Student: 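A single structure is presented below for examination.
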Amino acid sequence: MLPFKLVYSDDYYLPIGAHVFPAEKYERIHKRLIQTGVAEAHDFVTPIPASDQDILLVHTPQYVSKLKTGSLSAHEELQMEIPYSPELVRAFWLAAGGSILAADFALKDRVAFNIGGGFHHAFPDHGEGFCMIHDVAVAIRCMQRDDKIVRAMTVDCDVHHGNGTAVIFAGVRVPTAPLPSRSASVLNPAAGRVRNAHAGDVFTISLHQENNYPTWKPPSSIDVDLPDEIGDDDYLAWLDNALSSGLRQFEPELICYIAGADPYREDQLGGLALTIEGLKRRDELVFHVAHARDIPVMVTFAGGYAQKVEDTVTIHCNTVIAAKEVFSQRSAKSV
Ligand SMILES: [Zn+2]
């Protein structure tokens with residue numbers, strides 16, 4: 001039995017037809033976790049859809065109304081890059097409900113997963129890049145509304161910049177000089193660039209490939225613009241640097257880790273060169289940092305477009321395995 005919960009529903013499946021987004025990945029992850037003995041049936045909990053009130057904490061009434069009445073313009077549907085249907089709306093409301101539930105469990109158990117979600121390209125008033133509703137932002141705003149937390153941090157390791165997240169939590173940002181860090185000496189300044197800005201009540205970190213979607217990258221609290229083809233060691237050094245810099249500037253009560261599988265070297269929509277092993281080390285690093293500082297972590301899966309869907313499934317399952325390894329150590333120590 002896992003020392004944390006996995007939030008999952010068969011209805012996470014996105015009815016988008018033949019698409020580069022492998023809508024069946026959630027079901028396959030669920031199956032693989034059970035078949036390989038990583039998780040048992042009772043480690044999973046079933047979410048209910050977010051309420052409209054929850055969704056409206058992040059999204060505009062006009063946008064929510066268009067989604068519920070099927071009145072998006074052709075341009076808006078094109079920009080979302082997934083075909084509109086009432087069933088798809090239900091799947092996104094459910095994904096948001098899953099992230100709310102996972103955030104709740106994370107606050108109780110120190111870590112929890114939504115075996116889905118991470119739709120970081122959704123904006124308050126429109127969807128983009130396969131994302132209709134920003135489930136992570138909805139979960140954070142629900143935790144704040146219910147007085148469970150005041151401050152949260154997003155750590156976005158999808159290969160694509162978290163543009164929706166940056167806009168939703170923009171607040172008032174003032175550019176600041178990057179802080180020195182213990183690991184800064186190992187970073188090659190020519191191999192990446194860090195942009196810093198002060199955050200409001202949610203501190204946003206995004207590590208992403210610079211030469212990739214989205215073209216316009218609104219500022220996060222920390223943006224790490226990575227060059228093409230960066231490998232495991234450089235990536236991990238940048239992540240370590242961003243985490244330590246972020247956690248010196250800000251004390252979150254919840255970390256929302258967006259564990260995209262698309263920095264993988266065989267990803268069809270990504271241009272970084274991480275290995276499956278390197279991606280697991282990435283997960284371990286995030287969990288070790290959170291564990292050491294006793295900050296709860298809620299995990300969502302975001303993108304993953306490996307040539308072989310099985311690789312995407314492996315990368316996502318490894319994130320669960322990494323959490324099991326790190327957070328089981330904690331239980332063993334505390335008994
Ligand atoms: Zn992505």
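Whatever order the structure lists ligands and atoms in, that order sets their numbers, starting from 1. As a basis for the values below, the full set of heavy atoms in this structure was taken, side chains included, without hydrogen atoms, waters or symmetry mates. Bear in mind that the values here come from a model prediction, so they are computed numbers and not experimental data.
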Student: Just give me the atom name: the N, O or S atom of D262 closest to the Zn ion (ligand 1).
Tutor: OD2
Student: In terms of ring plane angle, is the pair F21 and Y26 parallel, tilted or perpendicular, where the classes change at 30° and 60°?
Tutor: tilted
Student: Under a 3.5 Å threshold, yes or no: a donor from one side chain and an acceptor from the other, between R282 and Y257?
Tutor: yes
Student: Report the atom name of the nearest N/O/S atom of H160 relative to the Zn ion (ligand 1).
Tutor: ND1
Student: Between R28, K25, K31, which is the residue that forms a salt bridge (Lys or Arg N to Asp or Glu O under 4.0 Å) with E310?
Tutor: R28
Student: Below 30° counts as parallel, above 60° as perpendicular, anything between as tilted: where do the rings of H291 and F327 land?
Tutor: tilted
Student: Looking only at N, O or S atoms, which one in D158 sits nearest to the Zn ion (ligand 1)?
Tutor: OD1
